[in-house]
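Below is one structure; the comments refer to it alone.
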Amino acid sequence: MTDDGGRELAGAQRARWESAYTAHPGMYGEEPSAPARYAAGVFRAAGARSVLELGAGHGRDALYFAREGFSVRALDVSAVGLGQLRAAARRQGVAGRVTAVTHDVREPLPLPDAAVDAAYAHMLLCMALSTAEIHALVGEVRRVLRPGGVFVYTVRHTGDAHHGTGVPHSDGIFEHGGFAVHFFDRALVDALAADGWRLVKVHPFEEGELPRRLWRVTQVAEPVTREPTARRLVMP
């Protein structure tokens with residue numbers, strides 16, 4: 001994917017998500033996803049108190065983490081979605097445990113080194129991000145996690161029925177219904193865990209209509225031997 005093509009696609013996807021949340025408030029419902037339920041148990045077992053969620057949307061999983069007693073920092077590119085998250089947090093009485101920040105993950109994460117105990121991303125990594133941007137983002141997650149911190153993420157993979165169909169955008173990205181997806185192969189999962197991580201488990205599961213075929217990946221931040229360096233990517 002060229003830089004110009006990536007910027008154009010990123011802008012279109014940002015507008016698409018804003019439109020979707022505006023037209024369908026709380027579009028994914030209030031119940032947490034199955035990966036979030038799993039992640040909460042893993043985070044608790046690891047002694048985590050703070051959770052960073054990437055791509056929190058309108059907040060069904062972020063709010064679940066807050067109800068479970070975690071302090072949550074929720075990031076998303078959609079200001080509309082995060083507005084719905086904040087309103088729901090007030091209704092549910094957990095506003096004091098949720099910080100919602102509008103942020104594009106192509107930029108460095110707005111946190112200092114080793115600032116959080118756990119990180120979570122449900123299908124954020126398989127959005128319209130290039131392979132280079134995905135690697136840079138996972139490097140940022142490693143930077144802001146404390147040593148021993150757990151990262152749980154989910155991605156649609158190349159065994160999914162939509163892989164290779166729809167509108168192609170190169171670099172493994174295909175668009176369906178206006179939404180672009182970067183389909184992961186196992187080599188990419190392994191490569192993302194190669195530097196500063198211990199890969200714990202890659203669990204296949206299905207979700208929603210079609211059904212979507214995904215991997216739930218669990219990896220742990222290893223102690224670093226050198227100072228992490230924040231990346232510098234230009235936001236489109």
Side-chain angles (χ1 to χ4, degrees), residues 1-2 5-6 9-10 13 33-43 45-46 51-57 61 75 105-106 109 118-145 147-177 179-224 228 231 233:
M1 187 188 307
T2 65
L9 180 59
Q13 289 297 291
S33 67
R37 293 182 185 275
Y38 162 83
V42 172
F43 296 161
V51 175
L52 169 67
E53 182 178 357
L54 307 171
D61 289 344
L75 306 184
V105 295
R106 293 170 182 81
L109 296 177
Y120 172 80
H122 185 25
M123 290 202 287
L124 182 279
L125 269 66
C126 64
M127 295 291 101
L129 300 169
S130 70
T131 298
E133 289 168 339
I134 293 167
H135 273 278
L137 173 57
V138 172
E140 276 290 281
V141 174
R142 175 63 194 87
R143 180 184 66 79
V144 303
L145 269 182
V150 184
F151 181 28
V152 174
Y153 71 87
T154 68
V155 289
R156 293 174 75 176
H157 59 70
T158 52
D160 187 278
H162 276 164
H163 174 248
T165 68
V167 181
H169 290 284
S170 76
D171 200 13
I173 299 174
F174 297 88
E175 183 179 337
H176 294 267
F179 293 103
V181 176
H182 189 138
F183 293 90
F184 276 47
D185 59 20
R186 180 55 195 260
L188 180 53
V189 171
D190 291 340
L192 292 174
D195 186 11
W197 298 97
R198 174 170 56 86
L199 184 61
V200 176
K201 188 174 184 180
V202 179
H203 172 73
F205 71 104
E206 297 181 348
E207 182 181 83
E209 298 179 359
L210 198 59
R212 294 185 295 270
R213 294 180 177 175
L214 302 99
W215 284 322
R216 186 190 70 213
V217 181
T218 306
Q219 55 193 55
V220 175
E222 298 280 32
V224 295
R231 60 194 171 97
L233 290 178

Distance, nearest 0.5 Å, that separates [atom1] of [X] from [atom2] of [Y]:
{"X": "Leu188", "Y": "His135", "atom1": "CG", "atom2": "NE2", "result": "5.0 Å"}
{"X": "Phe43", "Y": "Tyr120", "atom1": "CZ", "atom2": "OH", "result": "8.0 Å"}
{"X": "Leu129", "Y": "Asp171", "atom1": "CG", "atom2": "CG", "result": "10.0 Å"}
{"X": "Ile173", "Y": "Ser130", "atom1": "CD1", "atom2": "OG", "result": "7.0 Å"}
{"X": "Thr154", "Y": "Leu125", "atom1": "OG1", "atom2": "CG", "result": "8.5 Å"}
{"X": "His157", "Y": "Phe183", "atom1": "NE2", "atom2": "CZ", "result": "10.0 Å"}

Are the side chains of [Y] and [X] in contact, using a 4.5 Å heavy-atom criterion?
{"X": "Val217", "Y": "Leu192", "answer": "no"}
{"X": "Leu124", "Y": "Leu137", "answer": "yes"}
{"X": "Val138", "Y": "Gln219", "answer": "yes"}
{"X": "Leu54", "Y": "Val141", "answer": "yes"}

*If the plane angle is over 60° it's perpendicular, under 30° parallel, otherwise tilted; pick one for His162 and His176.*
parallel

**Request:** Evaluate the ring planes of Phe174 and His163, with Trp represented by its six-membered ring, and classify them as parallel (under 30°), tilted (30 to 60°) or perpendicular (over 60°).
**Result:** perpendicular

Smallest heavy-atom separation, Phe184 atom then Trp215 atom, equals O-CZ3, 3.6 Å

Closest heavy-atom pair, Ala128 versus Arg106, reported as atoms and distance to 0.1 Å, is O-NH2, 2.5 Å

Please confirm whether the backbone N or O of [Y] pairs with a side-chain atom of [X], one donor and one acceptor, at under 3.5 Å?
{"X": "Glu140", "Y": "Leu109", "value": "yes"}
{"X": "Asp195", "Y": "Gly139", "value": "no"}
{"X": "Thr218", "Y": "Val152", "value": "no"}

Consider only side-chain N and O atoms of [X] and [Y], and report whether a donor and an acceptor are under 3.5 Å apart.
{"X": "Glu133", "Y": "His182", "value": "no"}
{"X": "Asp185", "Y": "Thr158", "value": "no"}
{"X": "Asp61", "Y": "Ser33", "value": "yes"}

Those residues at least two apart in sequence (or on a different chain) that pass ring pair (Phe, Tyr, Trp, His ring centres under 6.0 Å) with His203 are none

Exactly one candidate in Arg213, Arg212, Arg156, Arg216 meets salt bridge (Lys or Arg N to Asp or Glu O under 4.0 Å) with Glu207; the answer is Arg212

Full working for side chain to side chain contact (heavy atoms under 4.5 Å, CB included) between Leu52 and Leu145:
CA-CA 9 Å; Leu52 169 67; Leu145 269 182; over 6 Å; no

